[in-house]
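See structure below.
Chain letters run A, B, ... following the sequence lines, proteins first, then strands; residues in each count from 1.
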Protein chains: 2
Amino acid sequence: MAERELALLAPAAGLLALAVAVSLARSVARVEAGEGKMVEVARAIQEGAMAFLAREYGTLVAFVLAMAAVLTAADRGTRAAGFGPAVAAAYLMGATASLAAGYGGMRVATMANVRTARMAQGGGLPAALAVAFNGGAVMGLAVVGLGLLGLGGLYLAWVDPARPATLAVLNGFAMGASSVALFARVGGGIFTKAADMGADLVGKLEAGIPEDDPRNPAVIADNVGDNVGDVAGMGADLFESYVGSVVAAVVVGAAGVAATGAARAAVEFPLVLAAAGVVASLLGIAVTRAGAGGDPAAALRRGTLAASFLLAAGGGLAAGWLGLPRAAAAMAAGLVAGVIIGLVTEYYTSGDRPPVRQVERSAETGTATNILAGMAVGMKSTALPVLVVGAATLVAHHFAGLYGIAVAAVGMLATTGITVAVDAYGPIADNAGGIAEMAGLPAPVREVTDRLDAVGNTTAAMGKGFAIGSAALTALGLFSAYAATTGLGSVDLLDPRVITGALIGGMLPMLFSALAVEAVGRAAFAMIEEVRRQLRQRPGILTGEQRPDYARCVDISTRSALAQMMVPGLLAVAVPLAVGLLLGPEAVGGLLAGALVTGVLVAIFMANAGGAWDNAKKYIEGGALGGKGSEPHRAAVVGDTVGDPFKDTAGPSLNILIKLMSIVALVFAPLFVRVGG
Amino acid sequence: MAERELALLAPAAGLLALAVAVSLARSVARVEAGEGKMVEVARAIQEGAMAFLAREYGTLVAFVLAMAAVLTAADRGTRAAGFGPAVAAAYLMGATASLAAGYGGMRVATMANVRTARMAQGGGLPAALAVAFNGGAVMGLAVVGLGLLGLGGLYLAWVDPARPATLAVLNGFAMGASSVALFARVGGGIFTKAADMGADLVGKLEAGIPEDDPRNPAVIADNVGDNVGDVAGMGADLFESYVGSVVAAVVVGAAGVAATGAARAAVEFPLVLAAAGVVASLLGIAVTRAGAGGDPAAALRRGTLAASFLLAAGGGLAAGWLGLPRAAAAMAAGLVAGVIIGLVTEYYTSGDRPPVRQVERSAETGTATNILAGMAVGMKSTALPVLVVGAATLVAHHFAGLYGIAVAAVGMLATTGITVAVDAYGPIADNAGGIAEMAGLPAPVREVTDRLDAVGNTTAAMGKGFAIGSAALTALGLFSAYAATTGLGSVDLLDPRVITGALIGGMLPMLFSALAVEAVGRAAFAMIEEVRRQLRQRPGILTGEQRPDYARCVDISTRSALAQMMVPGLLAVAVPLAVGLLLGPEAVGGLLAGALVTGVLVAIFMANAGGAWDNAKKYIEGGALGGKGSEPHRAAVVGDTVGDPFKDTAGPSLNILIKLMSIVALVFAPLFVRVGG
């Protein structure tokens with residue numbers, strides 16, 4: 001059975017990625033961590049991050065076990081609806097894999113930050129870049145390694161493509177990954193923005209102390225937030241997309257084989273493509289590391305591009321060899337779409353391009369015009385990415401039908417290894433700068449970390465665009481998989497259940513965003529009160545004579561994040577279930593499409609509006625319009641503050657929302673068909 | 001031919017409405033207008049409003065003639081695709097009817113404002129209320145009168161339900177109404193907010209002079225804006241919904257008759273229902289006028305409720321008599337949905353309810369939190385209206401299929417006569433207060449107009465909710481009509497053209513809103529510069545020794561509005577055409593559904609966020625949190641300024657966008673079927 005052996009490539013590539021991840025982690029650990037104040041600050045950040053993760057995981061375990069029980073019960077109640085103990089077990093596996101990737105990646109990231117600062121002090125830019133990037137690469141490789149190992153292992157152990165019901169274990173694995181991603185993104189997003197707003201609004205604006213100043217009680221929480229939000233949250237997000245896209249393509253491929261007798265290799269091709277992507281990512285990472293001596297931005301770009309080209313070549317060869325040349329075209333559509341969306345995002349959020357310049361100039365006439373200009377940029381920026389996703393969908397479908405759409409998503413996500421590496425590099429560099437500042441390292445050190453951080457800001461914006469674009473294609477793939485699993489011949493908008501489902505689905509991202517924004521508001525309010533209290537009760541803090549209580553601020557962010565993430569989380573699971581049971585599988589089809597359309601739009605809007613405000617503020621801080629402290633700067637700071645929960649909490653959470661809803665629908669599809677409507 | 005004679009009821013009711021409108025207009029004109037300064041100010045407002053309208057109409061005539069040429073050419077090029085000179089002629093009729101309603105209604109509104117002020121001075125609250133409401137009622141009755149006269153006349157003269165192609169003239173009439181509505185709403189919305197922001201930001205904040213102070217150069221433009229935006233814009237919006245809903249129901253009804261041999265009366269029932277709605281509105285207006293002696297809010301509410309009950313009874317009887325009992329249930333679903341959406345809107349935007357109180361409290365921690373809280377309220381407020389629209393859709397469809405959905409829209413809109421009357425009353429009362437202030441009338445006069453105005457604020461918020469809800473149902477009805485006309489058996493979301501269409505359609509409201517917000521920003525910027533220039537160059541203005549150049553400000557708003565409304569306007573027409581020709585009729589189906597879902601959501605979000613910010617500011621100005629001039633007040637003023645273009649320009653324009661796109665699709669449906677894809 002030649003095709004079956006092909007699937008072996010997936011766990012093999014997964015193990016390879018994990019082996020390299022371990023070796024890179026060791027190389028990071030071997031770098032000296034510095035001494036004194038530096039180590040002390042770094043330890044506080046690491047302890048805070050790990051403490052948050054431990055408590056978040058505690059909450060998550062309860063949720064995950066409850067969901068596993070629901071899965072088992074639903075199966076019993078409906079008699080072999082197709083998701084039994086095996087699916088529940090796979091669900092637990094998926095959740096565990098995501099947790100492990102987040103834990104390991106963040107542990108290394110919080111080791112790499114201080115070592116990056118140390119290298120910036122002792123070794124200069126190239127050495128600092130190498131450490132920061134290696135730290136990020138561990139996260140990237142852990143994500144793809146655990147993902148492929150899990151999926152490939154499950155596939156080999158359990159799935160028989162001739163019996164489509166056995167595919168349900170893959171859905172279970174993906175749903176486990178999604179459940180963790182939701183909480184990691186939402187919880188991490190609330191944590192990081194509450195800390196950030198607390199640190200900024202009281203520390204910078206009220207007390208007038210600079211960014212990353214050790215006198216600010218929320219400064220450690222702020223740096224912890226970069227890790228739990230931008231490292232662990234982003235990693236879990238892309239882990240989910242990665243797993244979801246592969247699962248969708250396998251499910252749609254199997255349905256095609258069953259229905260039309262297409263080549264069996266279509267089922268294994270997504271796994272092969274993902275394996276090729278791991279190799280391409282590893283080579284890309286090597287290219288980046290080799291280029292670490294030069295311009296950091298160029299090195300990162302070169303590595304990413306190399307991985308894309310290698311994937312295109314490798315994936316194309318594999319497709320040809322397997323007799324699936326049309327799937328190669330679909331893969332290419334996804335790959336190209338990912339690159340274009342990244343470039344568009346960069347255009348709308350870079351400080352030296354017209355959109356951000358316009359937001360910056362609008363600060364001259366006050367806060368209101370600055371807010372309106374940022375919103376307009378965010379809304380306008382939705383146009384091109386949506387057209388690109390639409391075009392990729394049409395092209396992929398032209399070549400290979402619904403299967404092509406699912407394969408396009410895999411094509412976009414196959415190089416997730418290096419994408420996450422580049423993304424996670426940013427917060428590590430940011431943290432390094434914070435540690436240098438707090439430890440009072442000499443100015444040249446800060447200059448090096450600032451250069452690394454500036455590059456990280458651009459990659460972060462592009463990473464957000466990529467996360468949204470890939471979420472859109474993944475959700476489209478899962479939508480196709482849902483249709484294949486339910487056996488719905490059509491999801492007809494002329495059916496009132498479908499249009500009603502679409503209205504409800506379209507509304508959810510709005511409601512979800514509102515809840516996320518309110519959660520940040522409440523958490524930030526608690527943080528502001530705490531920072532004010534500390535500065536009031538210990539006047540010695542501002543003079544440097546008393547030490548702030550950092551841990552208390554970390555604790556407040558942690559507790560707020562955990563308390564506030566539950567309602568939006570439950571919503572994402574409960575609504576598809578309720579709609580499916582009350583209105584039937586057609587309505588769920590409409591629900592998914594509505595959530596996909598609005599979710600993608602609102603996510604792009606929020607990410608890019610937030611990015612534009614952020615960079616407009618930075619531009620003014622660079623000296624434009626009177627620079628820091630001027631009236632335009634005050635206006636820009638308000639814009640940035642409004643944008644923070646947009647771009648770092650609500651927006652990214654929507655990626656998860658649309659994928660999680662799709663995967664919940666996919667897992668419970670047999671139930672909806674049996675009892676829904 | 002008994003059914004055909006039924007249709008006579010429509011033009012008869014239309015003529016009745018117009019006769020009452022003329023008589024009410026005369027009664028307003030007979031009221032004395034006061035003297036001196038009062039008349040002078042009122043004349044300036046009327047001249048400004050009429051000058052804007054004349055220039056706007058000039059631009060519109062060019063657009064409308066061009067579209068008529070396109071319609072004729074498209075017909076020739078494709079050989080009898082079904083829309084020829086007759087459709088072009090009907091298009092011109094629809095456009096003319098809308099223009100006439102807007103012109104007449106605004107002329108009377110700008111007569112009623114000064115007379116309301118005069119009555120507030122001489123006759124007290126009941127007399128002032130009567131004049132303001134009579135002025136609004138002229139607009140309401142002109143809208144329904146011209147709508148029904150046109151539709152009914154065309155139906156009798158041209159339509160033969162046995163030959164569905166003849167229905168295209170009704171589509172043409174509706175498209176004419178929509179074209180005008182778009183420009184009236186967008187242009188009027190830009191005008192009013194540019195003037196408002198100019199007056200507020202420079203006059204109130206920089207120069208520190210109160211609202212409606214004659215020393216403010218933009219004060220006349222601001223009052224003109226209330227008329228062109230809230231009277232003419234709102235009237236054109238509801239004229240379009242009214243006409244569109246009736247046309248959709250007739251078209252779907254005729255398709256049902258052709259396909260299933262359903263009762264022929266289904267074709268005429270929407271016209272009968274609309275005629276019943278005119279009678280109900282006239283009686284409701286009479287009830288309101290009879291109650292003018294008491295509490296103004298109670299009088300307006302009583303009249304509206306009376307009209308709803310009368311419609312329910314009359315429509316139910318007519319449906320029963322025609323043998324269409326199930327259509328009565330569909331009508332009731334629409335009627336009830338309209339009432340509930342109004343109540344939900346009131347909940348989210350009233351100063352004494354939790355959502356606005358939360359926005360108000362958030363101003364205490366600064367501008368950023370105030371902005372975020374308003375956005376959260378706006379996003380949350382989308383949930384209930386969407387569920388209500390969804391429920392109405394399901395109920396209406398349950399009873400009478402796609403025809404039921406279209407009839408539900410007619411049920412919601414049949415009482416448009418009194419709805420517009422109540423809506424237009426608000427800006428008349430607002431204007432009366434402005435005139436009293438500018439003319440320096442004694443304080444008790446202003447107290448009376450303030451009481452009238454406060455009631456107007458609540459009715460305005462509810463009117464916006466109604467406009468959105470009715471736009472949603474009308475668009476759904478038009479969507480059904482589009483499907484019936486194209487003969488599409490399904491609009492399948494699994495078809496990649498449909499999902500791509502949905503993505504593009506969903507994106508348009510975002511892009512459109514961005515353009516509208518930017519247009520207001522540019523126009524307001526020009527206005528701010530002008531007001532600053534006048535105050536700088538003529539220092540005597542602030543001391544009351546020099547007269548500001550009001551006309552120049554009106555001119556700036558006019559020119560900006562006309563220049564900025566073209567791009568969004570063309571977008572709404574060009575995109576459905578391009579998608580239909582390039583991707584085919586299925587993609588247009590997806591486009592309409594996507595635009596409907598996102599458009600409704602963003603419109604509700606913008607309307608309610610804007611309303612919440614506005615009323616939170618008013619609450620603080622009432623003395624809460626330190627009242628006027630406090631830090632929270634400054635934060636609330638920024639929120640209100642951000643909300644202004646949301647709730648009065650971008651949001652309302654989306655109602656038109658989704659309807660106009662639907663009607664363009666409907667008119668060009670035969671072309672898409674012939675050459676699209």
What pair of heavy atoms forms the shortest contact from [X] to [Y], and how long is it?
| X | Y | result |
| --- | --- | --- |
| Gly651(A) | Ala603(A) | O-CB, 3.7 Å |
| Leu596(B) | Ala475(B) | CD1-CB, 3.7 Å |
| Gly477(A) | Val252(A) | O-CG2, 4.1 Å |
| Leu493(B) | Ala593(A) | CD1-CB, 3.5 Å |

Top residue by heavy-atom pair count (under 4.5 Å) with chain A, among [options]?
| options | result |
| --- | --- |
| Met197(B), His398(B), Met510(B) | Met510(B) |
| Thr369(B), Val600(B), Val597(B) | Val597(B) |
| Ser362(B), Gly378(B), Pro496(B), Ala368(B) | Pro496(B) |
| Leu503(B), Ile604(B), Leu372(B) | Leu372(B) |

Given heavy-atom pairs under 4.5 angstrom as the criterion, report whether the side chain, backbone, both or neither of [X] touches chain B.
| X | answer |
| --- | --- |
| Leu476(A) | side chain |
| Val498(A) | side chain |
| Ile371(A) | side chain |
| Leu494(A) | both |
| Pro645(A) | side chain |

Would you compute the distance between atom [atom1] of [X] and atom [atom2] of [Y] and round it to the nearest 0.5 angstrom?
| X | Y | atom1 | atom2 | value |
| --- | --- | --- | --- | --- |
| Thr649(B) | Asp644(B) | OG1 | CG | 8.0 Å |
| Met606(B) | Met375(A) | CE | CE | 5.5 Å |
| Leu511(A) | Met379(B) | CG | CE | 9.5 Å |
| Glu529(B) | Arg532(B) | CD | CZ | 6.0 Å |
| Ser653(A) | Phe512(A) | OG | CZ | 5.5 Å |
| Leu515(A) | Leu571(A) | CG | CG | 6.5 Å |

Which one of [options] has the most heavy-atom pairs closer than 4.5 Å to chain B?
| options | value |
| --- | --- |
| Leu508(A), Thr382(A), Val491(A) | Val491(A) |
| Val377(A), Leu402(A), Asp495(A), Ile499(A) | Ile499(A) |
| Thr598(A), Thr641(A), Leu394(A), Val517(A) | Leu394(A) |
| Leu601(A), Ile504(A), Val637(A) | Leu601(A) |

Legend entry - From CA spacing to verdict: side-chain hydrogen bond (donor to acceptor under 3.5 Å, both in side chains), Ser381(B), Asn608(B): CA-CA 7 Å; Ser381(B) 75; Asn608(B) 290 349; 2.9 Å; yes
Inset, instruction - Identify which one of Thr365(B), Asp640(B), Val359(B) satisfies the side chain to side chain contact (heavy atoms under 4.5 Å, CB included) criterion when paired with Asn370(B). - result: Val359(B)
Inset, instruction - Would you please go through residues 384-393 of chain B and name the residues with a non-hydrogen atom below 4.5 Å from one of chain A, in numerical order? - result: Val386(B), Leu387(B), Val389(B), Gly390(B), Thr393(B)
